[in-house]
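Just so it is clear, the model here is predicted, and its values are computed rather than measured. Order of the sequence lines sets the chain letters (A, B, ...), proteins ahead of strands, with each chain counted from 1.
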There are 2 protein chains.
Amino acid sequence: METTREKLIRATFDEVFSHGYQGASLSDILAKAGVHKGSMYHFFANKKEMALAAIEETILKKNLQKYSYVETYTSGLLEAFYTQLKDTSVRDFKRGCPIANVVQEMSNIDEEFNTLMKSIYGAFRANIKAIFDKAIEVGEMKPCDTTKLALFTTSTIEGAILAAKASGNAQDYSDVIEELIEHIEGKR
Amino acid sequence: METTREKLIRATFDEVFSHGYQGASLSDILAKAGVHKGSMYHFFANKKEMALAAIEETILKKNLQKYSYVETYTSGLLEAFYTQLKDTSVRDFKRGCPIANVVQEMSNIDEEFNTLMKSIYGAFRANIKAIFDKAIEVGEMKPCDTTKLALFTTSTIEGAILAAKASGNAQDYSDVIEELIEHIEGKR
DNA sequence: ACACCACTTGACTAATCGGTCAATTTTGGT
DNA sequence: ACCAAAATTGACCGATTAGTCAAGTGGTGT
């Protein structure tokens, strides 16, 4: 059974993902979670702390399962990565990328959000870098500046999601990813 | 002299760029513009219409001067484009990209914003495509799918700005742009 | 001089915002 | 069974939000 705190985390993440942090209404979150206001303030100091917790915990949990395959794979690592990239079923092009959304909304507004998003986005880059490092290690790729390549890759992915959100056309995402993969393939 | 309407447009764009549309306070905008509330409602039906006007007019004006060089250039077009891309002095990495910010905040929330941003982002892509088309025309580049290349380029640029905003490090932008230019150079 | 109209002023409203808190119920340990 | 702590309830608060409007100002054309 889902605890009250879990209900709040889930509802908060969803509302923030949909309407942004500033646009997320506390009463809407509470209604969605089916939790009363006073009860919420028992678990969290305020709206901001609840949102920070929701973002951190949700994304942390998601990333844990998302990049776990890197450890076990010994061959075909890049192909597995490409397959993952091309999989549009995990994407929500209407709402975009939860990380990018919060970065753009809050990084320049609030120091705590800035710190959190810096850490999350940094972890994203580190995860991608780990894939390239491993690919080089197992001989799937020529040695190169994987930090830079990971930065380029994450940037292009985020840009691709944004493009699809702007146009309302998921194909735009796929087109960018296709070209990105070509670029990475050039490093083999 | 700046008209009242111009003052409002300028203040609104700046506030929306800084705090997002939802986070932009009408009273703050009015204070910054030095205009009274009733006066504002003489020119605009409501906050939303003012914001839409501010975004459209400001970005339209900016883009007009930004890509005017494409018409006149006959050689070294790609180099000129690269120089423009590398120029970080026109960027505001704290606040990010005004287009991307609004797309991410509003595209999935409001239909009018969605329509406007679709048009603005589309124009951005068209501008970049025009550069590649011209480059091919004057023989600086091999023929290729310029629609796709423009989509890739704009996506990567937006992603690069986001990366720099997330990390607080302008160098991240430059690194991505460097790799992007390498990629385009591969098409020569 | 008068009238007209664009524009400005600033007080006002209703609704919503995030947040507080005392009273109450539920739960777990002994 | 009893107690204390944890959790829940819901009314209430001040501040802020976007938006309204009647009254007034100032310039322009006749």
Tabulate protein N/O versus nucleotide N/O from nucleotides 23-28 of chain D, keeping only pairs under 3.5 Å, one per line.
none

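Separating the CZ atom of B:R5 from the P atom of C:dA6 is a distance of 16 Å, rounded to the nearest angstrom. Nucleotide C:dG18 holds its C1' atom 13 Å from the NZ atom of A:K48, rounded to whole Å. Rounded to an integer number of Å, the gap from CG of A:L30 to C1' of C:dT16 is 14 Å. Put simply, CD on B:Q22 is 16 Å from C1' on D:dT16, counting in whole angstrom units. One can place CG of A:N46 at 5 Å from P of C:dG19, the figure rounded to the nearest angstrom. Atom NZ of B:K47 is separated from atom P of C:dA15 by 19 Å (rounded to the nearest Å). Computed from coordinates, the A:E49 CD to C:dG18 P distance equals 15 Å when rounded to whole Å. Atom-to-atom, CG of A:L26 to P of D:dC13 comes out at 19 Å; the value is rounded to the nearest Å.
The nucleotide whose nearest atom lies closest to any side-chain atom of A:S39 is, among D:dT8, C:dG19, C:dT8, D:dT8. In the set C:dC17, D:dA18, C:dT20, C:dT20 carries the atom at the smallest distance from any side-chain atom of A:Y41. For A:T4, taking side-chain heavy atoms from C-beta onward, the closest of the listed nucleotides D:dA18, D:dT8, C:dG19 is D:dT8. Nearest to the side chain of A:H42, among C:dG18, D:dT20, D:dA6, sits D:dA6. Residue B:F43 places its side chain closer to C:dC7 than to any other of D:dT20, C:dG10, C:dC7. Closest approach to the B:H36 side chain among D:dA6, C:dG10, C:dG19 is made by C:dG10 (side chain taken as heavy atoms from C-beta onward).
Shown here for A:I29 and A:L8, the closest heavy-atom pair between the two residues is CG2-O, 4.5 Å. Taking each heavy atom of B:Y173 and B:A160 in turn, the nearest pair found is CD1-CB, 3.6 Å.
Residue order along DNA chain C, read from the 5' end via each residue's closest nucleotide, puts B:M40 first among A:G38 and B:M40.
Between B:H183 and A:F152, a ring centre-to-centre spacing not shorter than 6.0 Å is recorded.
A salt bridge does not link B:E15 with B:K47: none of the charged nitrogens is closer than 4.0 Å to a carboxylate oxygen. Checked for salt-bridge contact, B:R125 and A:D172 meet the test: a charged N lies under 4.0 Å from a carboxylate O.
One N or O donor and one acceptor, one from the side chain of B:K37 and one from the base of D:dG19, sit under 3.5 Å apart.
The environment of A:Y73 atom OH is sparse: at most 12 non-hydrogen atoms of other residues, nucleotides or ligands sit within 6.0 angstrom.
Between A:S27 and C:dT16 there is no side-chain polar atom (N or O) within less than 4.0 angstrom of OP1 or OP2.
A donor-acceptor contact under 3.5 angstrom links the side chains of A:D175 and A:Q171, judged on distance only.
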